[in-house]
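Treat the numbers as computed from the prediction; the structure is a model and nothing was measured. Chain A is the first sequence line, chain B the second, and so forth, proteins listed ahead of strands; every chain is numbered from 1.
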Amino acid sequence: MPFEVADHDGVLTLTLDTPGSPINIFNHATAHQLIDILSQVSAATTRAIVFETAKANSFINGVGLLLAHASQNVDDIVRASTPPWNAYRAVRDAPVPTIAVVQGSCFGCGVEFALNCDYRIASDSYETQFYMTELSDYLFIPLFGSTWNLPEAVGLGAAVDLLLWGEHWRAPQACEHGLIDAVAPHECLADHRHRFVEHVLDATQPSRRRGRVQWGPDEDRVIERTRRRIEALPPPYQKVYTDALHLLAAGARQTRTFVAHQKDELQRSAESALSVIGKAAYGFFYVRQMASERAAGRARAALEPTTLCVDSDGTPDFAKFATDLRRRRLPGVNRADAAAADYRLVAAKDSAADSSNGHAAPAADGRGHTVPIRLRLTLGPQAGLELYVPTYSAGGRLVELAQRIGGEPGLSREEVARLTRLLHRLDFEVAVTTPTEMFVSNRLLVGFLTPLVRFIELEGDARVINGALRGAGFVQRPHDLLAVLDRRLVADQLAVNFGGAAQIEPLLEALEDAECRDGKGATLVVDALCIALVDAVLRTRTEVRDVSIVDLIARELLDFPRHLSSMCSWLKRGRVAQAVAGDPRVRALVSDAAFESARAFAAGTREFYR
Amino acid sequence: MPDRAAVLTKVRRALVNVLEDEDKDIEVRPESHLVEDLGFDSVNVASLTIALEDEFDDVLLLNDWIASAHSPSDLTVDSLVDYLVGLLAEPS
């Protein structure tokens with residue numbers, strides 16, 4: 001059963017542990033069990049209900065993406081969401097105080113579940129974070145009451161930041177905003193929980209719920225600012241974001257009943273989930289999971305206790321990285337000195353000549369592994385294995401774990417899987433590759449930037465590029481990407497496709513400074529991107545185990561549009577054939593080799609995914 | 001056209017592989033519903049996709065199969081086999 005039930009002196013503790021899953025999912029079995037338990041609760045015998053997790057890294061992460069994905073009409077969505085909704089209502093209407101003790105990720109419906117409890121406390125561990133996945137990842141509106149409950153808990157502005165703009169809040173930030181009532185150091189969560197429950201029982205724990213938002217000029221400004229930001233989004237996304245804003249505003253004003261609001265929320269949620277872009281956006285969930293499972297093995301495998309040493313020596317970037325990692329304290333991951341650590345993370349050296357001490361080989365005593373990390377743009381791995389975090393300085397979470405073909409001996413597959421699990425828990429997205437010349441991330445970067453820079457060189461108007469990308473669904477502009485990369489090194493990378501690095505600098509500058517304009521040439525830009533990216537993916541065929549890994553990089557690094565599902569599923573032969581046979585000027589925007597490889601792909605019989 | 005019985009055998013093997021990994025001992029029948037009978041959710045659909053890729057030695061996505069279902073109860077072992085038979089019949 002998903003919940004383990006314990007009763008201590010009238011305090012009912014329900015501990016969620018979704019069987020066979022690395023994360024807790026609020027599926028139908030969970031909902032039915034909870035409804036059954038709560039139907040038997042009486043204030044005569046029970047004083048409080050505490051919800052906990054048996055999984056240190058997950059409170060509640062999901063409810064039923066599969067059910068929404070396989071639904072074709074509003075009735076299906078209503079039917080699929082009824083059991084969890086009834087369970088959430090049962091929590092909300094429980095006759096005794098309810099307390100959520102959050103540790104690990106609390107995503108989407110996990111936040112919604114916690115908001116239906118009277119009180120929430122959270123562990124101050126790095127893995128404890130609050131994030132609304134629905135719009136940010138899957139372009140649909142959540143349906144379990146958050147558009148009413150969030151403004152009540154955190155106010156309209158913070159609710160917009162969390163729901164629409166995908167902010168991740170760790171426990172202290174969540175507490176600051178009012179999403180939770182208290183933060184507890186992870187090591188003494190049990191003590192804090194005990195004291196908190198005592199305060200609830202003796203009625204000395206005040207509720208932080210604010211109730212209806214007192215609407216004023218601040219709220220008007222939030223609405224105005226958010227509308228402007230929505231207008232800058234790609235057109236296909238604007239309706240769902242506008243609907244979500246409408247619901248949050250209505251939830252804040254509370255001029256109708258909760259039930260009437262919920263009916264509206266469910267209707268709009270169902271419409272967004274059933275829309276073409278919603279259906280496509282779900283698809284990336286599976287791609288991400290596949291890339292993750294290819295790297296980490298079956299995710300069920302728990303992380304073994306691990307010791308880690310992060311050197312501080314190196315560039316200022318690396319020192320910051322080392323400090324950040326030390327702060328990400330994880331249960332089961334302990335620090336050790338270099339000689340005793342399972343993994344010693346060091347700054348990668350900058351030249352091949354320096355790589356002698358930079359490969360992922362066992363340490364002299366055979367205990368641990370030294371793993372070089374590269375945080376800035378660079379051509380390719382010089383050691384047998386490197387971790388490459390290309391956009392770390394901008395908060396990027398993508399790590400390319402690159403084991404160079406023909407390089408120094410790296411880690412075995414089992415060791416790579418173990419390191420990947422560690423990196424996952426440190427909140428990185430991991431792409432495992434075996435690059436030949438350059439990191440796979442850089443190959444995609446070159447594929448992405450080459451036609452854009454070439455367009456500026458030949459057509460002159462960089463603003464059209466931003467208009468074209470926005471039209472295609474990119475939220476991030478090249479400006480954002482270029483801002484976190486070393487421009488000189490980007491120029492070096494692109495030089496092979498141009499006369500030389502010096503010629504590229506002013507073109508990159510134009511690309512970085514460009515405003516956004518829709519105009520002639522947008523189709524040409526997107527067709528050229530299509531050709532260049534197909535070529536880039538084809539060049540990685542021997543460098544990744546599965547194209548889902550390339551898709552993961554494209555999403556994390558290039559912000560590949562959500563509504564197109566994934567890059568490799570967008571790059572269908574028909575789409576590529578259209579690009580190749582379209583405007584003849586496209587040939588000038590890509591290399592001859594890229595054009596020929598795209599043409600051959602279009603004429604072939606294989607898609608990247610069947 | 002691929003042999004349907006052979007595809008069914010591989011699909012069952014992939015399903016059993018995923019279920020065993022989750023310590024679930026459930027009989028997989030052609031008429032079994034993935035959600036109601038086998039307890040599948042979005043996370044283990046990704047595991048199933050990988051298990052199928054390994055069985056068929058091909059890169060697959062089940063998105064279209066899921067998205068084309070008339071309702072979640074249409075996601076049966078039989079419907080998955082039909083979908084894969086159609087997919088594998090396309091030239092490679």
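- Separating the OG atom in S71(A) from the CD1 atom in I66(B) is a distance of 11.5 Å, to the nearest 0.5 Å.
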In sequence, state the C-alpha distance, the side-chain angles, and the governing distance for R294(A) and D54(B), and then conclude on salt bridge (Lys or Arg N to Asp or Glu O under 4.0 Å). CA-CA 11 Å; R294(A) 281 288 186 213; D54(B) 292 342; 3.2 Å; yes

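- The minimum heavy-atom distance linking Y286(A) with V45(B) is given by the pair CE2-CG1, 3.6 Å.
- Counted within 6.0 Å of CG on D25(B), heavy atoms from surrounding residues, nucleotides or ligands total 12 or fewer; the atom is thus considered open.
- The number of heavy-atom neighbours closer than 6.0 Å to CD of E4(A), taken from other residues, nucleotides and ligands shown, is 12 or below.
- Contact annotation for Y609(A): both backbone and side-chain heavy atoms come within less than 4.5 Å of a heavy atom of chain B.
- For a residue to count as touching a neighbouring chain, one of its non-hydrogen atoms must lie under 4.5 Å from one of that chain's; by this rule Y282(A) does not touch chain B.
- Summarising the local packing, CZ of R4(B) is surrounded by more than 12 heavy atoms from other residues, nucleotides or ligands at distances under 6.0 Å.
- Partners of H32(A) under the side-chain contact (heavy atoms from CB on, under 4.5 Å) rule, at least two apart in sequence or in another chain, are H28(A), P83(A).
- For chain A, no part of L62(B) is nearby; none of its heavy atoms comes within less than 4.5 Å.
- R610(A) places no side-chain N or O within donor-acceptor distance of the main-chain N or O of L60(B), the cut-off being under 3.5 Å.
- Between N63(B) and G283(A) the shortest heavy-atom distance is ND2-CA, 3.1 Å.
- There is no contact between S73(B) and chain A, counting heavy-atom distances below 4.5 Å.
- A distance of 3.5 Å separates CG in D41(B) from CD1 in I25(A), rounded to the nearest 0.5 Å.
- Contact annotation for L75(B): only side-chain heavy atoms (C-beta onward) come within less than 4.5 Å of a heavy atom of chain A.
- Nearest heavy-atom pair across E293(A) and I50(B) is CB-CD1, 3.6 Å.
- Looking at Q72(A) and S71(B), their side chains never bring a donor and an acceptor atom within 3.5 Å of each other.
- Contact check on D58(B) versus R606(A) returns a salt bridge, with a Lys/Arg side-chain nitrogen under 4.0 Å from an Asp/Glu carboxylate oxygen.
- Dense packing is recorded around CZ of R13(B), with more than 12 heavy atoms of other residues, nucleotides or ligands lying under 6.0 Å away.
- Between L61(B) and M290(A) the shortest side-chain heavy-atom distance falls below 4.5 Å.
- Put simply, the residue from I23(A), N61(A), T18(A) that forms a side chain to side chain contact (heavy atoms under 4.5 Å, CB included) with V43(B) is I23(A).
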